[in-house]
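To keep things clear, I will list the structure first and then write my remarks on it.
Read the numbers this way: they start at 1 and go in the same order the structure lists the ligands and their atoms.
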Amino acid sequence: MLKKYEFILKNLDCANCANKIQNKIAENQEFQNVVVNFNTLRLTYEAETENKVKIVQIVKSLEPEVEVMETRSKNQEQDNKTAFQIIRLVLGIGMAGIGFLAGLETQLANSLLLVSYFILLYRTIGNAVKLFKTSKSINENFLVTLSCLGAYFIGEHMEGLMVIILYEIGKILEDKAVNKTRKSISDLMDIKPEYANLKTDSGTQQVAPETVKIGDIVIVKQGEKIPLDGMVMKGEANLDTSSLTGESALAKVSIGEEVLSGSINVQGMLEVRVTEKYEDSTVNKILELVQNATDKKAKTETFVNKASKIYTPLVILVAIFVAISLPFLGGISYTESIYRALIFLVVSCPCAIAISVPLSYFSGIGKASKRGILIKGSDYLDSLKDIQEIVFDKTGTLTKGKFEVTKIKVYDEKFTQDQVLELAQLGESFSNHPIAKSILTFNQTKVDSTKVKDYEEIAGKGVRYKWENQTILVGNADFVQTNEKIDGTAIFIKVDKELVGVICLQDTIKEGTREAFQVIHAQGIQTRMFTGDNKQVAEKIAKELEITEVQSEMLPTDKYQEMEKLLKNRKNSGKIAFVGDGINDAPVLAISDIGISMGGVGSQSAIEASDVVIMTDNIHRIIDGIQISKKTSRIIKQNLIFAIGIKILVLILSTFGISNMWQAIFADVGVTLLTILNTLRILKSEKREKI
Ligand code: ADP
Ligand code: MG
């Protein structure tokens with residue numbers, strides 16, 4: 001039985017050496033499927049026994065300075081860290097316990113107590129000092145240190161100890177909860193392909209996806225991930241694309257079809273010609289996007305960060321005020337007033353808020369990406385819930401964008417239907433527009449476009465090119481300047497000054513779109529359509545979807561200007577979103593409050609221009625996104641109100657001497673834990689309406 005082994009190659013600093021090591025190890029029969037990944041520094045192989053000695057020997061013979069290290073998975077490292085904290089805690093408590101048993105006033109008890117303070121407190125002190133050194137600011141670590149030492153010096157040894165013990169227990173539980181969240185998010189993101197089976201003259205070779213070039217052929221066996229974007233050259237397979245798109249239905253692919261990296265080959269075998277380098281492949285784009293998403297902070301988050309900078313010093317000032325003034329105002333002793341001031345410091349630790357707000361956004365974005373909704377920043381996640389109006393592009397967004405050619409009409413008898421089609425196909429073979437793709441796939445004749453000269457695409461109108469010294473126009477009525485009235489979408493063909501024919505096309509509304517619009521309307525969100533297609537087609541579709549505001553025959557610049565107007569004339573703070581397929585839409589996507597692109601899988605420009613990328617063609621994902629946004633914001637609000645409420649309550653009680661330090665620290669640690677647990681609810685899946 002072969003087992004999989006894994007090591008980290010430390011100090012590996014050239015991609016070439018990685019290949020050398022990989023090949024040398026692979027020369028040994030006992031090691032199978034050897035992969036050295038230069039980027040992750042990981043060596044993986046399958047073998048009956050680990051035989052590390054031999055591996056080290058081979059590695060050292062090639063690269064003496066490279067170190068073969070055990071890969072302790074992050075989880076294990078985390079477990080070790082937690083174990084260490086627990087040991088520290090038990091040791092500290094033990095010491096203090098012995099001290100108390102030995103009798104409080106003895107020298108021995110006192111020293112034991114001091115040791116235990118040290119064991120328990122040094123990490124917190126260390127953190128406080130580190131933060132102060134790096135950013136000249138103070139935080140909860142400082143507050144805890146201060147209240148703990150303060151309690152010791154006014155003789156409340158037990159109280160001070162309790163503060164730090166509870167604080168440490170809280171930290172351990174907190175770490176656990178935070179890591180749980182991180183893990184469930186990184187599990188979602190576990191889509192990175194580890195290797196590619198590169199086809200070579202002599203068979204196949206396992207290589208890192210990063211080293212595969214465009215045009216290379218890779219083999220994808222059953223159960224493997226597709227390592228890079230490409231086109232199927234041989235074979236058939238059922239692909240599971242759920243980690244990219246959130247759709248659970250399997251997609252069947254066969255020769256000539258595009259496949260995306262990150263999908264899993266559930267059944268079948270494929271030979272794929274690579275069309276994108278790894279860094280430009282879908283899977284890498286998604287990973288980068290999600291990893292960078294939380295870099296951009298939401299307003300709430302920045303506010304909390306700013307507020308906590310002022311907040312902590314302020315709390316200390318108030319505490320000093322309490323300590324000094326209470327003996328005068330309330331007639332209590334200084335020891336008592338200092339004690340109350342220390343409670344102040346404990347309660348006011350902002351950690352519940354500082355942890356739970358960013359964690360909530362992180363969870364929301366992670367959750368959304370699992371559903372095939374990529375959100376480029378916490379701010380956009382936050383804004384989704386405030387959408388009051390959504391403007392939709394038509395072609396490829398509301399409709400399938402796969403036009404069916406219904407008729408080819410010839411105006412000039414010198415041309416046949418086939419010739420008219422060929423002229424259109426010659427021009428469209430250079431365009432990415434859905435109309436172009438549909439015309440090209442009609443009748444599947446191969447056109448020889450080598451003689452096409454001076455090709456030019458006029459966005460929202462059509463294409464123009466030169467062919468055998470003639471100027472050919474392929475585009476809408478406005479573009480070829482004709483008054484011909486044709487039902488449906490019509491693409492005219494003009495040779496020099498003469499209209500020679502027209503191709504009539506029909507597009508259908510995507511499945512589920514009608515239902516999605518009902519839900520959108522029921523939520524009180526207004527809808528509108530912007531399209532470059534003609535009025536008659538636009539109105540027919542709008543009527544079916546119950547969209548009342550329709551603007552048709554628009555050029556991309558018109559769409560931009562109309563969106564500008566909408567944004568300027570809005571009456572409240574509600575957000576206006578634009579949903580498009582990314583073709584011709586980039587400027588509108590960029591200017592609207594939230595630019596949402598649909599069918600983002602594979603389309604580079606869409607991913608770049610928009611704030612939210614819906615990986616599938618399903619409009620219902622927008623509703624899902626709004627729902628996740630609402631839930632995230634609801635949970636953030638709950639956490640803020642709960643944390644602040646409890647703290648204010650304990651502060652008031654402590655000022656009047658009603659609560660003691662134990663209760664205060666309990667309130668702080670407990671609140672933090674509860675807010676984190678509450679945040680975890682964002683990740684939980686919930687039943688949603690099936691559309
Ligand atoms: P939409 O707003 O519906 O997405 P576009 O702005 O992309 O539409 O295009 C508007 C119109 O311009 C299309 O309906 C079509 O008539 C014409 N058009 C755009 N690109 C092309 C093309 N490559 N070939 C032919 N017609 C085109
Ligand atoms: Mg479009």
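- Contacts with ligand 1 closer than 4.0 Å are made by heavy atoms of both the backbone and the side chain of D533.
- With K394 as reference, D533 is the one residue of D533, D581, T531 to meet the side-chain hydrogen bond (donor to acceptor under 3.5 Å, both in side chains) rule.
- Between D507 and K400, no side-chain nitrogen of the basic residue sits less than 4.0 Å from a carboxylate oxygen of the acidic one, so the salt-bridge criterion is not met.
- Ligand 1 has no nitrogen or oxygen under 3.5 angstrom from a nitrogen or oxygen of V474.
- With ligand atoms numbered from 1 in the order given, ligand 1 contributes 11 (C), 12 (O), 16 (O), 17 (C) to contacts under 4.0 Å with heavy atoms of N476.
- Comparing K559, H433, R464, M554 against atom 7 (O) of ligand 1, the shortest heavy-atom distance belongs to H433.
- The backbone of K461, and not its side chain, has at least one atom closer than 4.0 Å to an atom of ligand 1 (non-hydrogen atoms only; backbone = N, CA, C, O).
- Contacts of T395 with ligand 1, taken as heavy-atom pairs under 4.0 Å, involve both backbone and side chain.
- Scored by the ring pair (Phe, Tyr, Trp, His ring centres under 6.0 Å) test, Y411 finds no partners at all (sequence neighbours excluded).
- An N or O contact shorter than 3.5 Å is missing between P556 and ligand 1 by distance.
- The heavy atom nearest to atom 25 (C) of ligand 1, out of those in Q551, K394, E428, M529, is found in E428.
- Using a 4.0 Å cut-off to heavy atoms of I435, the atoms of ligand 1 that qualify are 13 (C), 14 (O), 15 (C).
- Listed by number with element, the atoms of ligand 1 under 4.0 Å from a non-hydrogen atom of E457 are 20 (N), 23 (N).
- Residue contacts with ligand 1, taken as heavy atom pairs separated by less than 4.0 Å, involve D393 solely via side-chain atoms from C-beta onward.
- Put simply, the side chain of Q419 does not reach to within 4.5 Å of the side chain of V500, judged on heavy atoms.
- Aromatic pair F530/Y560: centroids not less than 6.0 angstrom apart.
- Across all non-hydrogen atoms, the minimal contact from V463 to S431 is CG1-CB, 4.3 Å.
- L228 and P209 make their closest contact through CD2-O, 3.6 Å (heavy atoms, listed as atom of the first residue, atom of the second, distance).
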Would you please test D229 and T275 for side-chain hydrogen bond (donor to acceptor under 3.5 Å, both in side chains) and show each step?
CA-CA 6 Å; D229 292 359; T275 54; 5.9 Å; no

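- Selection from G462, S431, A538 by nearest heavy atom to atom 21 (C) of ligand 1 gives G462.
- In summary, the atoms of ligand 1 found under 4.0 Å from a heavy atom of V463, numbered by their order in the structure, are 23 (N).
- A side-chain hydrogen bond (donor to acceptor under 3.5 Å, both in side chains) check over residues 539-553, counting only residues at least two apart or in different chains, returns the pairs R514-E544, R528-Q551, Q551-E562.
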